[in-house]
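Structure, as structure tokens:
Each chain gets a letter, A, B and so on, in the order its sequence line appears, and its residues count up from 1.
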Amino acid sequence: MKNFNQSVWQVTKKIPKGKVATYAMLARKIGKPKSARAVGNALNKNPFAPIVPCHRVIRSDGSIGGFASGTNKKIKLLKKEGILIRGTKVLSLEKFLVRL
DNA sequence: GTCGTGACTAGCC
DNA sequence: CGGCTAGCCACGA
């Protein structure tokens, strides 16, 4: 852990399949609860696309947020893992949220 | 060192 | 429920 970005990727990488985490949550985990925005930036530029499950990271209100390859793609992936989604938002968020 | 930008958030209307 | 605002942070030019 050296750069902020690396920390983000390392934590994101640990999110189990079928679960999701929020930007704020990850920010808190790395010791910077106010850096949710910066976390989003890190994921957007993440060079470990296939290694880091960036599609399992969503907003605190349950919105999908965004995705480098397209929001639609992100939704599809999450649904595939068992996450229930309606439009651009996650249903039963608390049920899929992984506690860090 | 300063400025613009963005996968954020909480609060208010 | 939806939209707007101000506050936050890290990065690259």
Taking only side-chain N and O atoms of [X], does any of them lie within less than 4.0 angstrom of OP1 or OP2 on [N]?
| X | N | value |
| --- | --- | --- |
| A:K34 | B:dA10 | no |
| A:R37 | C:dC8 | no |
| A:S60 | B:dT9 | yes |

Who pairs with C:dC8 - Watson-Crick or G-U, where each distance is under 3.5 Å:
none
Could you work out which one of [options] sits closest to the side chain of [X]?
| X | options | answer |
| --- | --- | --- |
| A:N5 | B:dT9, C:dC11, B:dA7 | C:dC11 |
| A:K74 | C:dA10, B:dA7, C:dG2 | B:dA7 |
| A:F67 | C:dC11, C:dG2, B:dA7 | B:dA7 |

Taking the nucleotide of DNA chain B with the closest heavy atom to each, which residue, A:A24 or A:N41, is nearer the 5' end?
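With A:A24 and A:N41 compared, the 5'-side residue is A:N41.
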Can you tell me the distance, in whole Å, between the [atom1] atom of [X] and the [atom2] atom of [N]?
| X | N | atom1 | atom2 | result |
| --- | --- | --- | --- | --- |
| A:L43 | C:dC11 | CG | P | 13 Å |
| A:W9 | B:dA7 | CH2 | P | 16 Å |
| A:M25 | B:dT9 | CE | C1' | 13 Å |
| A:D61 | C:dC4 | CG | P | 16 Å |
| A:F4 | C:dG12 | CZ | C1' | 16 Å |
| A:N72 | B:dA7 | CG | P | 16 Å |
| A:Y23 | C:dC9 | OH | P | 19 Å |
| A:K45 | C:dC9 | NZ | C1' | 11 Å |

Contact class for A:A36 (heavy atom, under 4.0 Å): base, sugar-phosphate, or nothing?
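Counting heavy atoms under 4.0 Å across all strands, the contact made by A:A36 is with sugar-phosphate only.
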How long is the span from the [atom1] atom in [X] to the [atom2] atom in [Y], to the nearest 0.5 Å?
| X | Y | atom1 | atom2 | answer |
| --- | --- | --- | --- | --- |
| A:K19 | A:L78 | NZ | CG | 14.0 Å |
| A:T12 | A:L26 | OG1 | CG | 4.5 Å |
| A:S60 | A:Y23 | OG | OH | 10.0 Å |
| A:R56 | A:L43 | CZ | CG | 13.0 Å |

Do you know which two heavy atoms are closest between A:I15 and A:V57, and how far apart they sit?
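Taking A:I15 first and A:V57 second, the nearest heavy atoms are CD1-CG2, 3.9 Å.
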